[in-house]
Amino acid sequence: MDPEWLAACLEDTSSRFLPFWRLNVLIKQQGPALGWARRGLLGLMDEGVGAVLLGVRDNIAHFAVDISTMAEPLEQLGLGGVAEFCDVRSAAVQLSAEDCAIVAQGRALVDWHDTHRFCARCGAATLSVNGGAMRTCSSCAAEHFPRVNPVAIMLIVRDGHCLLGRQAAWPRGMYSALAGFIEPGETIEEAVRREVMEEAGIEVGAVSYHSSQPWPFPSSLMIGCTGEAISADIRIDEAEVEDVQWFSRETLARVCRGETRADELFIPPPMAIARTLVDAWLADD
Ligand SMILES: [Zn+2]
């Protein structure tokens with residue numbers, strides 16, 4: 001990245017800056033819309049994180065800016081009653097898919113910069129370079145890049161039923177697709193088979209990829225798969241899950257139509273990839 005171009009963008013009054021405060025994003029109540037600000041915001045940002053380039057749209061550079069060191073940001077910005085800082089999940093239900101992707105990108109990068117201020121190799125301070133695309137060590141020159149952690153999430157099916165589980169900490173009645181981090185040296189297919197065997201004791205045969213979803217808590221990529229079970233008897237690992245059950249098409253169709261009581265059985269909302277997998281399975285009758 002050309003450092004002169006980047007410096008000019010940071011000076012340009014047409015550039016846009018999206019404030020994040022303690023990982024919450026600024027949302028204007030009118031719209032609602034993302035709370036893009038002008039370059040005056042740079043005077044308030046956390047110097048250790050710096051402005052993070054998100055991209056260029058219509059020849060205008062767009063940045064994320066961390067202002068977490070401010071005590072009362074809405075009052076200090078004069079935005080009380082006009083805007084608010086929202087966590088990403090509540091922002092996601094108010095914004096377009098495109099704006100949600102910008103929030104996910106900004107949150108993940110701001111969080112990564114905040115938690116990588118020191119070199120993992122030698123412990124010296126790191127510096128943001130290339131508009132926040134990486135950090136370099138001030139002592140040993142090691143280069144550190146933002147990373148994405150792959151998570152496999154899978155809908156396992158057999159004889160008109162699919163396998164859903166729940167964790168004890170979840171709201172009462174909530175069930176979802178099983179999921180787990182992909183481990184070093186594993187393929188996606190192997191991770192699906194291992195997770196389902198560990199959590200539910202079910203053997204899985206064929207696995208296929210369906211779709212994916214960024215999950216910036218803090219920086220995962222959910223890789224949605226379907227798999228065919230070749231055994232049926234559930235044996236749960238109580239350390240990982242509270243319950244796992246086979247659910248019929250008829251039951252899940254009723255859940256998706258809102259015909260069941262939420263405290264008895266509900267599944268994640270349409271924006272979640274687990275729901276996408278269930279909806280696709282129900283549609284593929
Ligand atoms: Zn170092």
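Just follow the structure's listing: the first ligand is 1, and inside any ligand the first atom is 1. On a predicted model such as this, the values are computed, not experimentally measured, just so you know.
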Q: Any Lys/Arg nitrogen of E190 or R194 sitting under 4.0 Å from an Asp/Glu carboxylate oxygen of the other?
A: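 Salt bridge absent between E190 and R194.
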Q: Angle class for the H62/W36 ring planes (parallel below 30°, perpendicular above 60°, tilted otherwise)?
A: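 Perpendicular, since the angle between the ring planes exceeds 60°.
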Q: Specify whether H116 and W112 have parallel, tilted or perpendicular ring planes, treating 30° as the upper limit for parallel and 60° as the lower limit for perpendicular.
A: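 Rings of H116 and W112: parallel, as their planes differ by under 30°.
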Q: Would R89 count as a cation-pi partner of F217, with NZ or CZ less than 6.0 Å from the six-membered ring centre and within 45° of the ring normal?
A: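 Geometry flag: set, cation within 6.0 Å and 45°.
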Q: Give a yes or no on whether V207 and M154 share a hydrophobic cluster (residues Ile, Leu, Val, Met, Phe, Trp, Tyr; joining criterion: side-chain heavy atoms under 4.5 Å apart).
A: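 Looking at the clustering, M154 is in the same group as V207.
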Q: Taking the Zn ion (ligand 1) as the center, what protein N, O or S atoms are found at less than 2.8 Å?
A: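 Listed by chain and number, the nearby protein N, O or S atoms are C119 SG, C122 SG, C137 SG, C140 SG.
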Q: Grouping I, L, V, M, F, W and Y whenever their side-chain heavy atoms are under 4.5 Å apart, do V93 and V88 come out in a common cluster?
A: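 Shared cluster, no.
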